[in-house]
Every structure is written in structure tokens, then in C-alpha cells.
There are 2 protein chains.
Amino acid sequence: MIEVVPNPVTTVMRALADPTRRAVLERVFESKEITVGELTIGSGVTQGAISQHLKSLKQAGLVAERAEGRNVYYRAAPQGLEPLVAWMDHYGVFWRERFQNLRELLKEIDP
Amino acid sequence: MIEVVPNPVTTVMRALADPTRRAVLERVFESKEITVGELTIGSGVTQGAISQHLKSLKQAGLVAERAEGRNVYYRAAPQGLEPLVAWMDHYGVFWRERFQNLRELLKEIDP
DNA sequence: GATATCGATTAGTAGATACTAATGCATTAG
DNA sequence: CTAATGCATTAGTATCTACTAATCGATATC
């Protein structure tokens, strides 16, 4: 089954399917902004590999970038996860399972 | 970065990353129960391929099976998506984005 | 019992993908 | 101006993956 241009769900899922890449994304999510060099440290792979992963993540719409001098700062783009949320939503799993948590959360935020 | 046994998030994401396999899962989700033969029809791939995809999905905990005679009936196992939900939950994306929808949904269910 | 059907499994293959090492291009520092 | 740093990109490689075609075991049908 050929998809000439993969649909957004596929793109996002594929981006998240690799543990190294997901680890990169998680670090981006946890920091307000982070450079490629910082991401490389402790990643276990080379700087080139990190740049490649960031490219995938950017294409998937999961991160955004800002160049400043010779550094490039990456930041999270959580809207990129929307296709995934929509997919799960459609298959119903979500609300039913998380219902209780939800209710509590709503109370906390707006009692 | 080696993961001898891939963690559950990776397993689930990988299972969902392939469009053909995801299409199979979607059909399982939409039917109460469905056989391998039925899934093969209109899938665009061979019966062998479908069996292989079902194996992945089963390993990911996304489907369950029941043999009856020479047929095997597959059904959805939505709890298999829990690792994905948990992952998204942890990175916060979920609630913030869906907040409005949520609120409405809650009202409908329990006004 | 012989034959057909269902589904899993296997071997083989083409293409994808995650990585490294090397290089190139800016930008900053000396 | 020259050297060093930060990041992207490229070419090359090993491994993984999605598929087919073929086969096998089990169950059902004739």
C-alpha cells in the first residue's frame, strides 16, 4: 500500500518510533530552548546524527528552531502532536480510559 | 543507543508507524471481531503479510485473538494504547490542547 | 479418506533507516 | 586575517523492515 506523501499520522508516529529520536524530543520538551551541541552531549550518538534526528522532528512539526549566531536553538512544538491526538481520539481509547483523571484535573484548574 | 528489549512506547509507536499495519488495526477497531481472511480482502497485500502485521500488533498488545475452527478472530485491545497515552500525558500536550473539547464532552456525559 | 480452506511461518529480496566519518559553511575569537 | 566552534549535509555502510511466494499444519467439506 503506497503512500506517495505519507499522511501526518504516519509522519509523526515514525518520528516517535525511534528511541534515540524520541529521547532528543523529550529533552527539547523539557527545556525551554536547547542547542544542538547540548543535545549531542550524553546522547550517545554523533552531532551529525542529532542534526538528522532534529530534521525529522522538524518535518514532523514536533520542534521549531531559532538561529542565533552560530548556535541553533530548538524548542518544542506540541501542536505537532495533534495528528496523534486526533487519531487516538477517533479510536475512542482516550476519553474512556482517562475519564477520572480528567475530571480531577478540570476541578483543579477551574474549581 | 541500543535497547535490547524495546520499551513499550517504542513497541507501540513502531507498530502504529506503518500505514498498512495501522489500517489493519483500524479495521479491527471498527469491527467487534474480524478474521484474517476478511482483513486480507481489500488490504492490497497478501494473507501472509496480514498475518505478520497481526503478529506485530499482538506483540504490541493492541489486538487479541480467538481461534475457532480454522478461523482466527481478532479483536481490539485498546489498553495496548496505554503506553502512548501515558507518554503524551507526561509531555503535557494533551490536556492543554484538548481542554475546550473536554469541557464540552464532560458536560454532555454528565451535565 | 481425499480435497479444499484458513492462517501461520519461512526464505528471500528490495528498499528504508540510523549511524559514522568527513566536509563545508557560517560565525565568533584570538 | 587566521584559527576555532557550531551545525548541517553528504557519502558510505550495516541493519531492519515490509513484502511476496511457497509451504505446512490444522480443520472442515465432499
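Quick note on labels: first sequence line is chain A, next is B, and so on, each numbered from 1.
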Rounded distance (Å) that lies between atom [atom2] of [N] and atom [atom1] of [X]:
X: A:Ile41; N: D:dC7; atom1: CD1; atom2: P; result: 10 Å
X: B:Glu33; N: C:dG7; atom1: CD; atom2: P; result: 12 Å
X: A:Ile50; N: D:dA8; atom1: CD1; atom2: C1'; result: 13 Å
X: A:Gln59; N: C:dT17; atom1: CD; atom2: P; result: 11 Å
X: A:Glu65; N: D:dG6; atom1: CD; atom2: P; result: 18 Å
X: B:Leu54; N: C:dC6; atom1: CG; atom2: C1'; result: 13 Å
X: B:Leu39; N: C:dG7; atom1: CG; atom2: C1'; result: 12 Å
X: A:Arg66; N: C:dT27; atom1: CZ; atom2: P; result: 15 Å

Out of [options], which has the shortest distance to the side chain of [X]?
X: B:Arg21; options: C:dT20, C:dG7, D:dA18; value: D:dA18
X: B:Asp18; options: D:dA18, C:dT20, D:dA8; value: D:dA18
X: B:Ser51; options: C:dT9, D:dT9, C:dC19; value: C:dT9
X: A:Ala49; options: C:dG7, C:dT20, D:dA8; value: C:dT20

Can you build the contact string for nucleotides 22-30 of chain D? Use B for base contact, S for sugar-phosphate-only contact, and - for no protein heavy atom under 4.0 Å. -----BS--
So, is [X] near the phosphate of [N], with a side-chain N or O under 4.0 Å from OP1 or OP2?
X: A:Tyr74; N: D:dG6; answer: no
X: A:His53; N: C:dT17; answer: no
X: B:Thr46; N: D:dT20; answer: yes
X: B:Asn71; N: C:dG7; answer: yes
X: B:Arg14; N: D:dT17; answer: yes
X: B:Thr20; N: D:dC19; answer: yes

Using atom types as modelled, flag every donor-acceptor pair under 3.5 Å from a side chain in residues 46-53 of chain A to any protein atom, sequence neighbours excluded.
unit_1: A:Thr46; atom_1: OG1; unit_2: A:Ala49; atom_2: N; d: 3.4
unit_1: A:Gln47; atom_1: NE2; unit_2: A:Ser51; atom_2: OG; d: 3.1
unit_1: A:His53; atom_1: ND1; unit_2: A:Arg21; atom_2: NH1; d: 3.3

Scan for salt bridge (Lys or Arg N to Asp or Glu O under 4.0 Å) pairs involving residues 37-46 of chain A, sequence neighbours excluded, and state none if there are none. none
Pairs satisfying salt bridge (Lys or Arg N to Asp or Glu O under 4.0 Å), at least one member in residues 40-51 of chain B, at least two apart: none
With a non-hydrogen cut-off below 4.0 angstrom, is A:Tyr73 in contact with a base, only sugar-phosphate, or nothing? nothing
Using a heavy-atom cut-off of under 4.0 Å over every strand shown, decide if A:Thr35 touches base, sugar-phosphate, or nothing. sugar-phosphate
Sequence neighbours left out, cut at 3.5 Å: what donor-acceptor pairs do the side chains of residues 68-75 of chain B make with other protein atoms?
unit_1: B:Glu68; atom_1: OE1; unit_2: B:Arg66; atom_2: NH1; d: 2.5
unit_1: B:Tyr74; atom_1: OH; unit_2: B:Glu65; atom_2: OE1; d: 3.4

Considering all heavy atoms of both residues, which atom of [X] and which atom of [Y] are nearest to each other, and what is their separation?
X: A:Val12; Y: A:Leu84; result: CG1-CD1, 4.0 Å
X: A:Ile41; Y: A:Arg27; result: O-NH1, 3.0 Å
X: A:Pro6; Y: A:Arg14; result: CG-NH2, 3.7 Å
X: A:Ala64; Y: A:Ala77; result: N-CB, 4.4 Å

Test item: [X] and [Y] side chains (from C-beta on) under 4.5 Å apart, heavy atoms:
X: B:Leu16; Y: A:Val9; result: no
X: B:Val28; Y: B:Leu57; result: no
X: B:Val85; Y: B:Glu82; result: yes

Between its two end axes (five pairs each) the helix from C:dG1-D:dC30 to C:dG30-D:dC1 turns, nearest 10 degrees, through 10°
Look at the side chain of B:Gln52 against the base of D:dT17 and say whether a donor-acceptor pair falls under 3.5 Å; ignore hydrogens and angles. no
